Amino acid sequence: MSASDQEAAEQRVQGAVRQHARTRAFAQAEDVISTVLSDPGVREARERVEAAETELGLELCARLQPFQDRYDQAVVEGDANGLAGLCGGKHGRWGRICVLPGGHETSVEEPHWGRPSEGQPIAWVGSAPDDW
């Protein structure tokens, strides 16, 4: 076996070892995350947060529903400009559902607000990272 063949074989082995280690690390991380999320205290906290988001969403509904109506109309009409001006805020569970204009958090100090696929309005503060 030539030196270049040996080097290529060694690189393949190193790549396979790295891939195996990465796969194992992801599996272990998923196990830890599942364990943490199944903890009764964590589940209770998540339920309280979801209840607060729904309650605040309902409280703000009368005032913010026109933004949802504009969003729905922009979707129906394919209004790219209307959709482009929306907030990029991301909800950890529902994704990018905020129907308020970009910058609303600082200009009018409103939380994010929108309706997920389940239909109930929700409001939240902060934004989930894009790789979430």
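In this text the structure is predicted, and so the values were computed from the model without any measurement.
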Verify side-chain contact (heavy atoms from CB on, under 4.5 Å) between V49 and E53, making sure each step is shown before the conclusion.
-> CA-CA 6 Å; V49 167; E53 288 176 344; 3.8 Å; yes
Please lay out, stage by stage, how E118 and R93 fare under the test salt bridge (Lys or Arg N to Asp or Glu O under 4.0 Å).
-> CA-CA 12 Å; E118 293 178 359; R93 179 175 177 192; 3.7 Å; yes
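Cluster membership check: L83 shares its hydrophobic cluster with L100, using side-chain heavy-atom separations under 4.5 Å among Ile, Leu, Val, Met, Phe, Trp and Tyr. A continuous path of ILVMFWY side-chain contacts below 4.5 Å connects V42 to I33, so both sit in one hydrophobic cluster. A continuous path of hydrophobic side-chain contacts links L60 to L86 [ILVMFWY only; heavy atoms under 4.5 Å].
The heavy-atom pair separating G114 from V99 by the smallest distance is CA-CG2, 4.4 Å.
In the model, S34 has no side-chain atom that pairs as donor or acceptor with a side-chain atom of D31 under 3.5 Å. Between the side chains of Q19 and R24, no donor-acceptor pair is found at a separation under 3.5 Å. Using a 3.5 Å distance cut-off with no hydrogens or angles, the side chains of Q73 and D69 do not pair a donor with an acceptor.
Looking only at side-chain heavy atoms (C-beta outward), Q65 and W113 come within less than 4.5 Å of each other. Proximity of W124 to L56: side-chain heavy atoms (C-beta onward) are nowhere separated by under 4.5 Å. Using a 4.5 Å cut-off on side-chain heavy atoms (C-beta onward), H104 and C98 make contact. With a 4.5 Å cut-off on side-chain heavy atoms, Q120 and R115 do not count as touching.
Note that OH of Y71 is 9.5 Å distant from CD1 of I97, once rounded to the nearest 0.5 Å. Interatomic distance, NZ of K90 versus NE2 of H112, reported as 12.0 Å (0.5 Å rounding). Going from atom CD of E44 over to atom CG of D39 covers 10.0 Å, rounded to the nearest 0.5 Å. A distance of 14.0 Å separates CD of E50 from CD of E55, quoted to the nearest 0.5 Å.
Salt-bridge formation is not detected for the pair R43/E47: no Lys NZ or Arg NE/NH1/NH2 atom is positioned less than 4.0 Å from an Asp or Glu carboxylate oxygen. With salt bridges taken as basic N to acidic carboxylate O contacts below 4.0 Å, none links E77 and R70.
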